[in-house]
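Each ligand, and each atom within it, is numbered from 1 in the order the structure gives. These numbers were taken from a predicted model, which means no experiment stands behind them.
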Amino acid sequence: MLDKPKNTRDDIEGLIYGSVATDISVPKLRMPESGLRSDIAHALVRDELFLDGNARQNLATFCQTYLNDDIHHLMDMSIDKNMIDKDEYPATAELENRCVHILADLWHSPEPTTTPGCSTTGSSEACMLGGLALKHKWRDRMRAAGKPTDKPNIVTGPVQVCWHKFARYFDVELREIPLERGRLGMTPEEALKRVDENTIGVMPTFGVTFTCQYEPVAEVAQALDRLARDQGLDIPIHVDGASGGFVAPFVEPDLIWDFRIPRVRSINASGHKYGLAPLGVGWVVWREKSDLPEDLIFYVNYLGGNMPTFALNFSRPGGQIISQYYLFLRLGREGYRRIQQNGYDTAQFIAAEMPKLGPFEILFDGDSRKGIPAVSWTIKAGSNPGYTLFDLSERLRMRGWQVAAYTMLPNIADLVVMRLLMRNGFSRDMADMLVEDIRRSISHLKKHPVTTPLTPAEGTTFTHHALPKEKLPT
Ligand SMILES: *Cc1c(COP(=O)(O)O)cnc(C)c1O
């Protein structure tokens, strides 16, 4: 159909539906010989997208889904700018630079105006860069001591998939502390058990994907301080603050997890998660200039001179960075504090409601000292309500809500969790709507008990875990 000449009557009348093009199925895996009228092509693509979920109702994602008109405008203005072209777009480069130093200051860098850092496509790239810097620093130390450099390792708690990727892509052994009932993250003791002279760094997560909780950065640092004193083994820390890095500084400024701890040498965070920027921006900041090895730096032209860069990508859009700077100005610390505090308040409201609706045990209640603005629960041990959390998740999808239900990692893979992330744009009123829909879904499931509950592999889990093959649920 697409290969036939245009129906000129359609062109005159401007019909979309009723035109020949929308009568016939378009070829899916082959480019048409000739194109379509722009309004028809636009309609076809837009209509395909109806099958996507509604992003604002997606409570499984950590990423930003609420973006105001100013951000749309700034994104539109910068759609044609490549942020790597620092010479051509020096103003964008300047805003990126300001963001780095704003974050260095927010995270209490001892040298916030000069310390190195950069934007990335997200925390994944930021973690890779943090990990690579540590790997090179370690290799230099080992070489200087005349020791072998073929077996680097990192020690982590239950980590986001980016650290699995870092380990695999860059040939580093991942020593991941397994979860146990009653210990859902890294502890100083468990970290110490796994470090040795080949450990390039310990990576606590400040806002664990699976549990929403903060791993105890300060305690782990103290344990490593003792190790350095007693055994001369000096192991640096990189904090994966993908979510927490944009939350704790505003809501819990006294919580010590950042560069106030000398052993913390680098920190990453996702601008597009609780940083509130549109998708496609992350940040990594190093403590001091000497924490970023010179051999990882490349130089690009900038205002008649050279500018150091460190990145896995070359070309990248600039709008997300520009929007991040806009948000820093627009909201200030007070604005970020209020938005994130609202998230905690809503999480606590839902945590109080859930036990009234069914046999649910709250695992994370939205305590701002312990983790990010989120709430999670499981079905109480020993109770069998006749449905699983996978069934409940699927039922909620009928009303458009996307709610993560997933099994915890190996060791406690029988623990099934439902998790809601509270983000900017999820109001208390929407929470009322959701709670009502959970109540309605549960009463439906009670009336029509599930004879064959969904298994973890079948459940629509929205976990954002992206697993390597051997870790897929069965
Ligand atoms: C989301 C997340 C990542 C990956 O970040 P992206 O911005 O999605 O690339 C890494 N670590 C943690 C703890 C995360 O929550």
Checklist entry - Can you check whether Trp163 reaches His238 side chain to side chain, under 4.5 Å on heavy atoms? => result yes

Checklist entry - Do the side-chain N and O atoms of Thr65 and Arg423 include a donor-acceptor pair separated by under 3.5 angstrom? => result yes

Item to check | Interatomic distance, Asp240 atom CG to Cys162 atom SG [nearest 0.5 angstrom] | outcome: 5.5 Å

Checklist entry - Short list, please: which atoms of ligand 1 are under 4.0 Å from a heavy atom of Thr205? => result 13 (C)

Checklist entry - Does Glu125, backbone or side chain, put an N or O under 3.5 Å from an N or O of ligand 1? => result no

Checklist entry - Which atoms from ligand 1 have a heavy atom of Ser270 less than 4.0 Å away? => result 5 (O), 6 (P), 7 (O)

Checklist entry - Is there side-chain contact between Leu421 and Thr61, with heavy atoms separated by less than 4.5 Å? => result no

Checklist entry - Numbering the atoms of ligand 1 from 1, which are under 4.0 Å from a heavy atom of Gly207? => result 13 (C)

Item to check | Close-contact set for ligand 1 against Cys162 heavy atoms, below 4.0 Å | outcome: 10 (C)

Item to check | Test applied, ring-ring contact (aromatic ring centres under 6.0 Å, His included); reference residue, Phe206; option that passes from Phe246, Tyr274, Tyr214 | outcome: Tyr214

Checklist outcome for this item: Min over Asp240, Thr120, Val281 of heavy-atom distance to atom 10 (C) of ligand 1 lands on Asp240

Item to check | Lys/Arg cation over aromatic Phe62: Lys273, 6.0 Å, 45° cone | outcome: yes

Checklist entry - What is the closest protein heavy atom to atom 14 (C) of ligand 1, and at what distance does it sit? => result Lys273 NZ, 2.9 Å

Next on the checklist: Among all the protein's non-hydrogen atoms, which is closest to atom 4 (C) of ligand 1, and how far away is it?
Outcome noted: Ser124 OG, 3.5 Å

Item to check | Modelled atom types, side-chain donor and acceptor of Glu252 and Ser368, under 3.5 Å | outcome: yes

Item to check | His272 N/O to ligand 1 N/O under 3.5 Å | outcome: yes

Checklist outcome for this item: Among non-hydrogen protein atoms, atom 5 (O) of ligand 1 lies closest to Ser123 CB, 3.1 Å

